[in-house]
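Below is one structure, written out as structure tokens; the observations come after it.
Note: hydrogens, waters and symmetry copies are ignored here, and every other heavy atom, side chains too, is used. Protein chains get the first letters and strands the later ones, always in sequence-line order, with residue 1 at the start of each.
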2 protein chains.
Amino acid sequence: LPKRRYAILAPGQFANNAKTAHGVIRYGNDDIAAVVDPALAGKTVREAVPYLNCDAPIVASVKEALRYQPDALLIGTAPKGGALPPAWRSEVLDAIAARLEVVSGLHDILGEDAEFTAAAQQSGTRIWDVREPPEVPLFRGSVYGVEQPVLLSVGNDCAVGKMTVMLELARAAKARGVRGEFVPTGQTGIMIAGWGISVDRVISDFATGAGEQLVLEAAKRGGEIILVEGQGGINHPAYAPVTLALMFGCAPDQLLLVCDVKRSRIEVYDTPVLSYRELIRTYEALCGTVKPATVVGIALNTHGLAEEAARDEIERARRETALPADDVVRNGPDYLWDAIAPQLHKTRPLAEVQG
Amino acid sequence: LPKRRYAILAPGQFANNAKTAHGVIRYGNDDIAAVVDPALAGKTVREAVPYLNCDAPIVASVKEALRYQPDALLIGTAPKGGALPPAWRSEVLDAIAARLEVVSGLHDILGEDAEFTAAAQQSGTRIWDVREPPEVPLFRGSVYGVEQPVLLSVGNDCAVGKMTVMLELARAAKARGVRGEFVPTGQTGIMIAGWGISVDRVISDFATGAGEQLVLEAAKRGGEIILVEGQGGINHPAYAPVTLALMFGCAPDQLLLVCDVKRSRIEVYDTPVLSYRELIRTYEALCGTVKPATVVGIALNTHGLAEEAARDEIERARRETALPADDVVRNGPDYLWDAIAPQLHKTRPLAEVQG
């Protein structure tokens, strides 16, 4: 996949309401040509949002952004309802006219918009709707032949940091000279890495097949360690099937448990969040019915806690599980990576273990 | 739903690989005009598959079947991945040309096939793609308010008889004056009952929502007991996510374990089939993380075993689990129904149990 050079569209929203843009800038490998936000035009990204550590200019329009030679336009926000704000249409059309690829994670499938499609065809560019999954085959078991260790992040709930943790670990691995191949399984991860499948959008029968294809692709890309972004949570009343699709489809060798320490109930449901030990038992027991995988560490999300409270939570997790635990955003990923890296190795499916 | 008179297409597969055809013949209300299978042409259905209890002729082609005045063509198999075998196209086109309605449960949506669609339009008939799901909302938890006990069949593999067992139990319940509402979750069940959702075809994020909507619909239909057809198997490497979608989405109060005693490996995979006790532990543990449900009985598929061997298997299941067990096809459903009926009662989600 060619590296992209993005103009990022986030009019009036870049500073405070553009998590997608921030994720791509902070963790992506693509170049950032410019950000389009008239409210911040004239500043650099660093001046507007210091922690993004990026000196790309912010400009007022796509036309101005063209000066910085982008080759793709990223829709940088995920507005409520997922529709493209009508005022943004002309900006998208300007980008298409300039032959920029359009990359979108909106619920609105831009590739099904007659005006955008016609324009893209005329200028000879394409629209990439990140949420739209490709056709994938059924799960075949080819994934069991992958030579690299596969680590899957699993969690105590959805939206606790399973993607961020894997990206941080990939960074730590790289600093140690190890190539960790991040495997994106949701729209934000896909935008960051430039490839992947939004597994929650795949037809149920094929969701494990999607997981398998993702790991096979990661193996081909040559990473020494495969780091799969998990989804949902195993006792999430709505999304657990997607979680399980990755547990079986990606055939992980090891699991990394990611927990937001502040959760007591699953998302909007009343379902109680499981304890560390219950989570470990449940994830390991289920993997163990197909291909054994053990939890090798715990990444805690202590966002919002004071330093001492965070330290207490990390200590508690270590004590209750006897596993390495840390908050990789608060404390950096090095400790956790160094603790789990020696544990990463291939395991065999149950069929081979039992003969 | 109007009653149909089916020609059933299952070339080379009717005897051994046509569970859709068998289900519709044995449990549906539609007439069977003829079965198309050149390998068995000249026999009756009864001669080829005695337990179907049906005297329709088996013929070599759709054109021959027309002699028996069908008004619809049923695609009688559910091949892996759900594609229409290419050699069957001309048979389907012959049926369309003769103005037969085409009823298909394949993943391949025949109504999106340009050639079939054009042909159907020309001859003035229609294509019913049973597997196409409606749009469903995300899982909400409304299912926890359903008043009727919900029994879900779960299995040691896919295609072991989870639908058949629930249809047989509904029959036994009816004989006792109890209205059991069969809930179809796959294409054959939908063809038999005339409603339902093919949950394996639903986008992963919405699969639990589909399970919930199905149980809400069954409750509205007024059954005293809700009997949900399960799917897949909890350690099926490809289909377990669909299994889990029903376990969480349908929020069963009790589970019925359905096991083909002859399976030692999951379908085409090498994954070992779990023992009765492992299955019970795995299903109950997982349900227990959201809404506790216990296994109340075991329905065994002893098809192909001699009488004594079947009796031994049933005895073994009873001994190993201390649960009522029987083969409801071989021995009728009355024993198993009478044994489990007193166990069926509402349970509460974990949130309420734990307060």
Side-chain angles (χ1 to χ4, degrees), chain A residues 133 137-141 143-144 198-212 231-249 251 265-266 268-274 278-279 281-282 285-291 349-355, chain B residues 80-82 107 133 138-141 143-144 198-212 231-249 251 265-266 268-272 274 278-279 281-282 285-286 288-291 349-354:
Chain A
L138 285 174
F139 181 85
R140 290 169 175 158
V143 70
Y144 302 138
S198 204
V199 176
D200 63 5
R201 297 279 287 198
V202 174
I203 288 172
S204 296
D205 244 7
F206 295 88
T208 48
E212 175 170 59
Q231 294 289 335
I234 195 57
N235 78 323
H236 191 296
Y239 302 145
V242 180
T243 308
L244 185 55
L246 296 176
M247 291 165 63
F248 284 3
R265 304 277 166 175
I266 297 288
V268 300
Y269 304 92
D270 286 333
T271 308
V273 161
L274 300 174
E278 287 168 329
L279 284 164
R281 190 163 54 231
T282 304
L286 213 39
C287 281
T289 66
V290 175
K291 182 185 177 209
L350 199 53
E352 294 175 30
V353 176
Q354 298 190 346
Chain B
K80 267 190 91 61
H107 265 299
L138 285 174
F139 180 86
R140 291 169 176 157
V143 69
Y144 302 138
S198 201
V199 176
D200 64 5
R201 181 77 195 175
V202 175
I203 288 172
S204 296
D205 245 7
F206 296 87
T208 48
E212 175 169 61
Q231 293 290 336
I234 194 57
N235 77 323
H236 192 296
Y239 303 145
V242 180
T243 308
L244 185 56
L246 296 175
M247 292 166 64
F248 284 1
R265 304 277 164 174
I266 296 288
V268 300
Y269 305 91
D270 286 333
T271 308
L274 300 174
E278 287 168 328
L279 284 163
R281 189 164 55 231
T282 304
L286 213 39
T289 66
V290 174
K291 183 186 178 210
L350 199 54
E352 294 176 28
V353 177
Q354 298 191 344

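Closest approach of Y144(B) to P237(A), counting heavy atoms only: OH-CB, 4.0 Å. I203(A) approaches H107(B) most closely through the heavy-atom pair CG2-CE1, 4.1 Å.
For R140(B), the part lying near chain A is the backbone, with the side chain staying farther off; criterion is any non-hydrogen pair under 4.5 Å. Using a 4.5 Å cut-off between heavy atoms, V242(A) touches chain B through its side chain atoms alone. Within the 4.5 angstrom heavy-atom criterion, no atom of P349(B) approaches chain A. Looking at H236(B), the atoms closer than 4.5 Å to chain A (heavy atoms on both sides) all sit in the backbone: N, CA, C or O. Only the side chain of L286(A) comes within less than 4.5 Å of a heavy atom in chain B; its backbone stays farther off. Neither the backbone nor the side chain of A285(B) comes within contact range of chain A; no heavy atom of the residue lies under 4.5 Å from a heavy atom of that chain. Proximity to chain B is limited to the backbone of V199(A), based on heavy atoms less than 4.5 angstrom apart. Contacts between T271(A) and chain B at a heavy-atom distance below 4.5 Å involve backbone atoms as well as side-chain atoms.
Among A245(A), P272(A), A251(A), A207(A), the residue with the largest count of heavy-atom pairs under 4.5 Å with chain B is P272(A). Here D200(B) is the residue among T289(B), V202(B), D200(B), T208(B) with the most heavy-atom pairs under 4.5 Å with chain A. In terms of heavy-atom pairs under 4.5 angstrom with chain B, the leader among L274(A), V268(A), V290(A) is V290(A). Taking chain A as the reference chain and counting heavy-atom pairs below 4.5 Å, the highest number among T282(B), I266(B), L244(B) is found for L244(B).
Rounded to the nearest 0.5 angstrom, D205(B) CG and S204(A) OG are separated by 9.5 Å. In this structure, D270(A) CG and E352(B) CD are separated by 8.0 Å, a value rounded to the nearest 0.5 Å. Annotation: the span from L138(A) atom CG to Y239(B) atom OH amounts to 4.5 Å, rounded to 0.5 Å.
Between Y269(B) and F139(A), the ring planes are tilted. Angles from 30° to 60° get that label.
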